[in-house]
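Indexing begins at 1, ligand by ligand and atom by atom, following the structure's order.
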Amino acid sequence: MKEILLDKLVPFLDAELRLSDFSDDESANGLQIEGRATVRKAGLAVDACDYVFRKAAEKKIDFLLVHHGLIWGGLKTLRGMMGQRIKTLLDSEISLYACHLPLDWHPEYGNNAQLLKLLSVKKMGEFGRYHGRNISYWGRTSKEYSLDEFTARIDKVLNTRSAAIGFGRKVRTVGVVSGGGWFAINEAEKYGIDTFLTGEPSHSAYTLAEEMKVNLIFAGHYATETLGVKAAGKVLQKRFGLTVEFIDHPTGL
Ligand SMILES: [Zn+2]
């Protein structure tokens, strides 16, 4: 069984995932909780939560890489639920590593780049301005799809059930922002986007889409954000020979 020192793994991931490019992310990106000094098995998950931590402990995972970590700008106390979550990790000596916006944006491993790749949409440029930086991409499909055809493709590759709202356009130029990215619809006209794909449904997006005649697809926050951690996990497998396991805990939202 291959292993690596935590002290070696963390700087490698910090650099590979380009954490320093997003220094003002609300998420405390990087190693949030320090566990065992040696890593043999890595776990991947979308959300840091009790279910995932207990599974990780059961599966003897030493290092858990998540998209939504535990420590955000506002962490003030370690009481109640938060205390219990951290206790589960500390008791099992599991390290917690979070990578939020860098793992939306990353041109290779990011949720959005991976999603476009799975949908065979050719990446054309950056898109989705958030906190002063683009966190995503827009691109073109190789052929024209109806909204129903394109939505069916998304549901198949992400194993989800999207809500799609059409405003009469065919699908050719797609803007994507994983998770809760509805705000990026405001940039649709700028890039000539006919179809906007994000995770969480937002009522606010409807009338904007209606007036811009842009199709809306909401594929689920969870479903659109499983790809980044999986891609980062493949790097850990390849580079260090670590055993890697994805802990699935879908919210259906
Ligand atoms: Zn998210």
Does any N, O or S atom of His68, backbone or side chain, fall under 2.8 Å from the Zn ion (ligand 1)?
yes
Does either side chain, that of Glu26 or that of His100, offer a donor lying less than 3.5 Å from an acceptor on the other one?
no
Under 2.8 Å from the Zn ion (ligand 1), is there an N/O/S atom belonging to His67?
no
Please find out if the Zn ion (ligand 1) and some N, O or S atom of Glu225 are separated by less than 2.8 Å.
yes
For the pair Tyr145 and Phe150, name the ring-plane relationship: parallel under 30°, tilted 30 to 60°, perpendicular over 60°.
tilted
Would you call the rings of His221 and His68 parallel, tilted or perpendicular if under 30° counts as parallel and over 60° as perpendicular?
perpendicular
Proximity of Phe167 and Tyr206 rings by center, below 6.0 Å:
yes
